[in-house]
There are 2 protein chains.
Amino acid sequence: MPDSMAETVEELAGGDASTSLYQRILNDIRDRIVSGEWEPGYRIPFEHELTEEYGCSRMTVNKALSQLAKAGLIERRRRSGSFVRRPQSQAAVLEIHDIRIEVEALGLPYRYELISQSKRRAGSSDRERLGPDVSGQLLALKCRHYAGARPFCTEDRLINLAAVPEAADEEFRETAPGPWLIGRVPWSAAEHVIRAAAADADIAADLNLAAGAPCLVIERRTWSAERPVTHVRFTYPANAHAVVARFTPSDS
Amino acid sequence: MPDSMAETVEELAGGDASTSLYQRILNDIRDRIVSGEWEPGYRIPFEHELTEEYGCSRMTVNKALSQLAKAGLIERRRRSGSFVRRPQSQAAVLEIHDIRIEVEALGLPYRYELISQSKRRAGSSDRERLGPDVSGQLLALKCRHYAGARPFCTEDRLINLAAVPEAADEEFRETAPGPWLIGRVPWSAAEHVIRAAAADADIAADLNLAAGAPCLVIERRTWSAERPVTHVRFTYPANAHAVVARFTPSDS
DNA sequence: CTTTCAATTATGTATATACATATCGAAACG
DNA sequence: CGTTTCGATATGTATATACATAATTGAAAG
């Protein structure tokens, strides 16, 4: 009953035997989308193709694809197939949070700059940010993002090298760590904290503000299969950015 | 009137012949939950009962209930049935946003105070907040919420009286408008904007802050079946509140 | 009176099947 | 050459059925 392809997929996905088949199909496809392997516009295999690949009925495949469509990750068109959607506005802010896209949406030229980079063993304040279980080496980064000539926001990031060892050899001179991580580590969960704060001396200097000026702070923790991957804190001048989210209680 | 309200909702939702049956079942149940008719802990009819009520197969009912469970509105237990869940933390902030619950979660006594109340015809700045189509009478409210002796946040709200005529006769001395509206108007969509701002003179006075102090501002617009219901702006001192949201790209 | 165990029940997942619907593309027609 | 028609195709929804699984009930055994 389980053919070799299905077994391979299961191994790649982490081999959790407890998850149902439709859930595994959903996760497989979702991972390929959020990792960037299947870019926006990519045509997902037809239901009857996935049916063959996983050796199951169309209803099972349909359940997975319908949920991905409802979640907004793909768009389904009769007679044409299913396609990876461009990240939607509200999703872009809370899920992807790519600053380049934010800035370019404002019609301004984007520029990225690495301020500092250091490798160290996780301390207690790091564990507060990444999670209590993190013990090994980690990478600490500070960067700045520009919209035109003006600083748009600062980024203060920790990367768990146990989860992403390749990050140790990366320079991050040209590529910002956010886009670099997406495409390498498919994230399975993310937690956001959004708050206001007064700019301290460092932030004020980085953003060209008066000390004490109001700022919006967005912190994000990301996990890949239960393992902490990264913690990042973006700080924006109050007038630069707002978080927009649209909801309906359970889809729409 | 909970019964006539339910009928109204059903007409609005069921009048659309294009919605599928499972979607209508889902909407019916969801509306009863968000309107408060079915409180947390309430046991939803068994699948086989809904099967009879809607005259359809168990698979159709199951599809609706499974999605509600995935969305976190209900919890399903084998052999026992399906139950309305208590609003979860992240949902509480972004979906319900009941300040009493927020304050009491901090272990502080909650108090609510109405500052001002006025009825007027919608002007252009009101339309900017509620939406361009709003033309009739509306109710403008300003309130303050306390955590212990200290002001916790201010609330500045518009209510579209065309959508909620009963609000015109309500005093809002004891009950805050948020909890009052829930339980009367099931909302079908909500949009949040979260940003940071400096306290202006009014806000500073209301919250006992220095002018220019950083604040977190959460604005929410709510619709019921495409019709704007209310716009509310909560302003918190920067240290009082943060928005927390957990995501997985398409459920988990 | 407690423990054990089997029956019952509701949900969870999957299958095969059926028909509806939107849409693309090609063939038929004026 | 343009338009219409029609068949093929992929998705959308619903059905009846089947078996698995978790949890609870209640009866039998100790």
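All values derive from a computational prediction rather than experimental measurement. Note on naming: letters A, B, ... go to the chains in the order of the sequence lines (proteins, then strands), and numbering restarts at 1 for each one.
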Quiz item: With nearest nucleotides of DNA chain C determined for A:Arg78 and A:Thr60 from heavy-atom distances, which residue corresponds to the more 5′ nucleotide?
Solution: A:Thr60

Practice problem: Would you confirm whether A:Thr230, through its side chain, and A:Leu158, through its main-chain N or O, come within 3.5 Å as a donor-acceptor pair? | Solution: yes

Quiz item: Does anyone know the first and last nucleotide of DNA chain C in reach of chain A, 5' to 3', at under 4.0 angstrom to a heavy atom?
Solution: C:dT13 to C:dC24

Practice problem: Examine the side chains of A:Tyr54 and A:Asp28 and answer whether a donor and an acceptor come within less than 3.5 Å of each other. | Solution: yes

Exercise. Could you state the atom-to-atom distance from CE of A:Met59 to P of D:dA10 in whole Å?
Key: 18 Å

Quiz item: Can you tell me how far P of D:dT11 sits from NE2 of A:His48, to the nearest Å?
Solution: 8 Å

Quiz item: Once the angle between the rings of B:Phe234 and B:Tyr236 is folded into 0 to 90°, is it parallel (under 30°), tilted (30 to 60°) or perpendicular (over 60°)?
Solution: tilted

Quiz item: Checking all strands, does A:Leu65 fall into the base, sugar-phosphate, or nothing category for heavy-atom contacts under 4.0 angstrom?
Solution: nothing

Exercise. Only counting residues at least two apart or in another chain, list the ones meeting side-chain hydrogen bond (donor to acceptor under 3.5 Å, both in side chains) with A:Tyr112.
Key: none

Quiz item: Given atom CZ of B:Arg58 and atom C1' of D:dA20, what is their separation to the nearest angstrom?
Solution: 11 Å

Quiz item: Are A:Phe83 and A:Tyr42 an aromatic pair by the rule of ring centers under 6.0 Å?
Solution: no

Quiz item: Would A:Arg184 count as a cation-pi partner of A:Trp180, with NZ or CZ less than 6.0 Å from the six-membered ring centre and within 45° of the ring normal?
Solution: yes

